[in-house]
Each structure stands twice: as C-alpha cells, then as structure tokens.
**Q** 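Let me begin by handing over the structure; questions about it come next.
Here is how names work: the chains are called A, B, and so on, in the same order as the sequence lines, proteins then strands, and each is numbered from 1.
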Amino acid sequence: MTGAFYATTPIFYVNAEPHIGHTYTTVVVDTLARYHRLAGEKTFFLTGSDEHGEKIAEVALELGETPQAVADRYSEAFSRTWQTLGFSFDRFIRTTDPDHKQVVQNILQKIYDAGEIDFREYEGLYCIGCERFFTERDMVGGKCPDHDRPLESRKESNYFFKMTHHFEWLIDYINSHPDFIRPDRYRNEVLGMLREDSGLGDLSISRPKSRLEWGIELPFDTDYICYVWFDALINYLTGIGYPDGPDFATLWGASQHFIGKDILKPHAVFWPCMLHAIGLEPYQRLNVHGFWNVDDRKVSKSLGNKIDPLVMRDKYGFDSFRYFLLRDMAFGTDSDFSEEALVTRINADLANNLGNLVSRTLNMTGRFCGGNVPEPGQPGAQEQAVADAAATAAGQVDAHLRSCEFHRALEVIQGLVDTVNRYLEARAPWKLAKQKAAGWQAHVNTTLYTSCEALRVLSLLVAPFMPETAPKILERLGIPDALATTRLPDDAATWGSLAPGTPTSKGAPLFPRIEVES
RNA sequence: GGCGGUGUAGCUCAGUCGGUUAGAGCGGCGGCUUCAUAAGCCGUAGGUCGGCAGUUCGAGUCUGCCCACCGCUACCA
C-alpha cells in the first residue's frame, strides 16, 4: 500500500433535502475515493450531517419534538439517500455523535487553556437564518438579504476565538503553498478576505443557553454552547479518530476537503486558523467547486427547480447522472444543468459510443469467435496503436483525476472509445468473416482480441466514475472479479492481460438510447 | 468604488512561453458502411476570437480604455 488519501464532503445541514449541489460534491469525492482505493492507497471518505443550531431548534419547537428527534429524522434522510445512491463513504459522521462531542470539548478546552479565547460583550442585529450577527452594511432594507426575514436586536456576551492573531501566519502559509487552495481563483479570493481592510474579525464561537440550548456545551462555561461553524468544522478531525486514533496521523497528512464556493470563508479562513491554534498542521488541500445552475437559473426553493438525485437515478440511472455531472462541469467554475443537456450527453457518449462499442465487440465475439475471447495473432501496427492509446489514456486519467479535472479525464476515456471504434472500422472484421478469404479467422481473432482487451481497459478506467457500469462490462468479458485485484493506473496501462478462451456474453445495451419526444 | 473572473463557430467549450491556413465535442449538411443501441466511420460547415486604440516584423494570446455578465469586497445612503 503506497500513499494515503483522506477526502471529505461538507457535513450537510439537515434542514434541507439532498439536491444537485450536495450530490455533486459527494459524487466528486466518491469518484476520487474509488480511484485512490484502486490505486492501492489507504483511503478514507468522510461525509455526514451538521445538526446543531437554531434552525433545528426552531423546527423542533414548531413540531413539538425534541431537536434530537428532528435531527435524527433529517440525518437519516441524508444517509439513506447517500446509501441508496451507492456512495462509498467510510463513515457518515453526525455532529451529535458522542465521539464528536467529546472531541469538540477537548479542543475547546485546549485552546481556552492556551489563551486563544476571549470573553466579550457584543451588541447587534442577528439573523436566525444565517445564525450570525449583521452589521449595518450587510442588511438590505433592515432585512437579511438571504433569508428575507427581519433581524433581531441582540446584546450578548460571548466567547471569541482570537482568529485574527493567526492571519499573518495564514497569509504566509497560503503564499508559500500554491496548492493549498485550488483552483487559483479561490485562493485569490481568500487572500482578499484576509487583507487588513476586509473587516474580518475574531470569531464568535458561543451562544448563551438562555437563547439556544441545542449544541455542544462549552467545557469551561456551562451557560454556553458552541457556535455551529466551530462545532461543524471539527468533524473533519473526529471522523478519522483525532487525536490518537491509529490512522489519524496518516490520514490527516493526506487530507483534502471538497466544498462549494458558498462556504469558502469558513473552510479557507476559520478552519486553518483553528487548526493552527490547536497545534495541528493545516489540511493538505482545499478543493472548491462552482455552482450548478438549473435551466439557466440559480437553484432556489421559490423556483422549485431543485434536482432530486433519486429522481435522476430512477429516470436515467445514477451512473449516467454521475457521468454528466463530472463531464459537463469544469471543477471550480459554474455550469448549467438541464435534462436536455443530460440526455444529449448520455446518448452521445454513453449510448452511441461506449455502450455501442461494448455491444458490437461482444456481439462479434459471439458470432465470429464462438463467444470466447479469441487467441490473437502477432499484433501489427494497428493493434500496437490501440495498445499505446490505452496506456497513454491510463496515465492521463490518473493525472487529470489527481488535479480534479474530471471533465478532462472523461474526455480522455471517450477518446479511447473513439480510437477503438476507428480501429474496428479499419479492420472491418465483419467483412472478413463474410468473405471468408484465406486467413480470415486469424485476422478476426486478432481484431476482436484487441477490441475485448480495450474494453477491459476501459472498464477499469471508468470504474471510479461509473461504479455500476464497470462491473457489468467486466462480467460480460468473463472477468467479473477483476476490480478486486486491480491496481490503477498500471493494470489499465498494461496491455494483454485478458486471457484468450475466457467466455464472454453479449448482454443487453448498457445505456439504452433515450428518445425524446419533440 | 476597489479587486478578480468571464466574454472564441448555432450550442458547450480548448487554445501552453505572442508566430505560418484559429481548434474539439454536440447539432446541421453530404458520403461510406452494416458487426452494433437508426449506432459507427469519412468529409464538410468559413466564426470581425465583446468593442476601440496601442506595443510588435507579427496578437485570440501582451498594454490601455470602453461595454456586458458574474463573484468577492468597500463606501455612501
């Protein structure tokens, strides 16, 4: 086992149902986790739910239930959906988990003892929706612009994490570690946030119990609970056994967070400062992606244009949906989702190209080679070209995945499919089989061996992206358990491991073409 | 107002250190083919590279200004 990979999604606030944004982040991390596992790295994939705070307490009050009961139900909805979609997470953490509570309290006490926390009085206008105080300039017409609800005047004494003391260090760290936050555009934004005139101050990390009881109690003042972000971010440590779990050091040294751009500030500023105060190395990397717009508009409750991943799964198959999400968004930028674009992509890439290549290859293997992987003859220049293309593709997919260029990786895979389709066209085994000229069988055998072997490579390369599809192809190639022993990228780059004589089966179309009524 | 981003073929986008005829996919059109999911292959489609000016032997690719959209941020109200 070489290398390690620890990847996280945000923990999702449990007052909403999973939509395309949550799903995208999780698809990204799932794909990477699967790849790194296939690469033989020690891999841990963490996702979960964020359950404390006023919104949950409010809902509980309205329903006459306990906050815990509300959180249980919402969290269950998330975790069940994630399981149904087949995500390969290693733990679904909840901020109400006992070990998390303990870790948060340990850390609070630790940095309190280190003098990193102040007690201050603060007065201001507060939005329950945002769970934060507003300054005059933040509000629009006396209301919170995001939640369109009146602000409440509050005067509170609270505990503050002396975050600003760490800014100088953080600026230096970001400047000396170019890959700490990527893509670059977000790195620049963070540096902007940290400029002296940005107004970013110390971080309030508590709420008095008189206002809110639903949270983790401060160990040094039982009249207070911990503010949500401080609580939530620490899940990334709890999830892998901080402080002395057996894998903690290894995994933390290989930690990568994946977030949407809306929560850049807590992850790029609060969190590194917290880690610095705790005395831990910063996470290895923060990966920030853009938003999916739907039908050219922002996703919003009022528009009702949320995309439910379960509906997409039932309608198109989740592998196809995953493929679209990863293929049509350049990581970091915003993209547009529409069912029309989804169908176009599925038909072009999956039905017409990949799926059809599987069909024609295995059909001919059945008709012209008795259904078994044929014994190839001496490879010629054409065969060598296909083998070279496969090896090149394996290396490129590896590189692109490691730099979060999923769309590029899938382009490369699609390019390999094109290469094999062109190869078949050039070899035209169906012609040879019909004419039955001298030596036709050897020619056809070599051709179909090459094509079958290319399918084997394609299956491996596609496995992290489409975890349901890859095993289906491998099963038809007669090697259903291949993934269990696969090491990427080498096993995809090494030509010729498909054994002649292996029985194949044609099967139904993997991606039936979707006909749209017009 | 400041900072940053984006603006390239009908659509989605590539275009590294400036260099000969500006590229890909999808769609459209023409042809070939029939093993395959009416799939595949080949060939095409002639876009003032947002606008103007400048630097240069030469700019999509650098500079300035302007326009449009987006993000962050500031201030005024």
**Q** Given the P atoms of B:G58 and B:G19, what is the spacing between them in whole Å?
**A** 15 Å
**Q** Taking atom C1' in both B:U34 and B:U44, what distance in whole Å separates the two?
**A** 23 Å
**Q** Is the ring pair A:Phe331/A:Phe258 parallel, tilted or perpendicular, if the boundaries are 30 and 60 degrees?
**A** perpendicular
**Q** Given atom CG of A:Leu362 and atom C1' of B:A39, what is their separation to the nearest angstrom?
**A** 15 Å
**Q** Mind checking the C1' distance from B:C11 to B:G51? Whole angstroms is fine.
**A** 24 Å
**Q** Base, sugar-phosphate, or nothing for A:Thr344, non-hydrogen atoms under 4.0 angstrom?
**A** sugar-phosphate
**Q** Taking the C1' atom of each, how far is B:U21 from B:C17, in whole Å?
**A** 23 Å
**Q** In whole angstrom, give the distance that lies between atom CH2 of A:Trp430 and atom P of B:A36.
**A** 10 Å
**Q** Look at all strands and tell whether A:Arg408 reaches a base, only sugar-phosphate, or nothing, counting heavy atoms closer than 4.0 Å.
**A** sugar-phosphate
**Q** Using OP1 and OP2 only, check whether a side-chain N or O of A:Arg360 sits under 4.0 Å from B:C41.
**A** no
**Q** Does a side-chain N or O of A:Lys434 approach OP1 or OP2 of B:U34 to a distance below 4.0 Å, or not?
**A** no
**Q** For B:G2 versus B:G10, give the span between their C1' atoms, rounded off to a whole number of Å.
**A** 38 Å
**Q** Is any side-chain nitrogen or oxygen of A:Arg513 closer than 4.0 Å to OP1 or OP2 of B:A38?
**A** no
**Q** Scan A:Pro429 against the nucleic acid and name what it touches under 4.0 Å (heavy atoms): base, sugar-phosphate only, or nothing.
**A** nothing
**Q** Tell me what A:Asp328 touches on the nucleic acid: a base, only sugar-phosphate, or nothing, going by heavy atoms under 4.0 Å.
**A** nothing
**Q** Expressed in whole Å, how much space separates the P atoms belonging to B:U16 and B:U8?
**A** 16 Å
**Q** Hey, are A:His165 and A:Glu116 close enough side-chain-wise for a donor-acceptor pair under 3.5 Å?
**A** no
**Q** Does A:Lys506 have a side-chain nitrogen or oxygen under 4.0 Å from the phosphate oxygens OP1 or OP2 of B:A36?
**A** no
**Q** Between A:Arg367 and B:A36, does any side-chain N or O lie under 4.0 Å from OP1 or OP2?
**A** yes
**Q** What is the nucleic acid contact for A:Leu510, judged by heavy atoms within less than 4.0 Å: base, sugar-phosphate only, or nothing?
**A** base
**Q** At their closest point, which heavy atom of A:His289 faces which heavy atom of A:Thr25, and how far apart are they?
**A** CE1-OG1, 2.8 Å
**Q** Please tell me whether A:Asn356 and A:Arg513 have a donor and an acceptor in their side chains that are separated by less than 3.5 angstrom.
**A** no
**Q** Just the rounded figure in Å: distance from C1' of B:U37 to CD1 of A:Ile346.
**A** 14 Å
**Q** What orientation do A:His166 and A:Trp169 show, parallel under 30°, tilted 30 to 60°, or perpendicular over 60°?
**A** perpendicular
**Q** Figure out the CG/P separation between A:Asp262 and B:G71, and round it to whole Å.
**A** 13 Å
**Q** Would one find a side-chain N or O of A:Asn421 under 4.0 angstrom from OP1 or OP2 of B:A39?
**A** no
**Q** Would you measure the distance from the P atom in B:A14 across to the matching atom in B:C62 and give it in whole Å?
**A** 15 Å
**Q** Is it the case that the side chains of A:Gln414 and A:Asp418 hold a donor-acceptor pair, with the cut-off being a distance below 3.5 Å and no angle test?
**A** no
**Q** Taking the P atom of each, how far is B:G50 from B:G7, in whole Å?
**A** 8 Å
**Q** Is A:Asn188 close enough to B:G4 that one of its side-chain N or O atoms is under 4.0 Å from OP1 or OP2 there?
**A** no
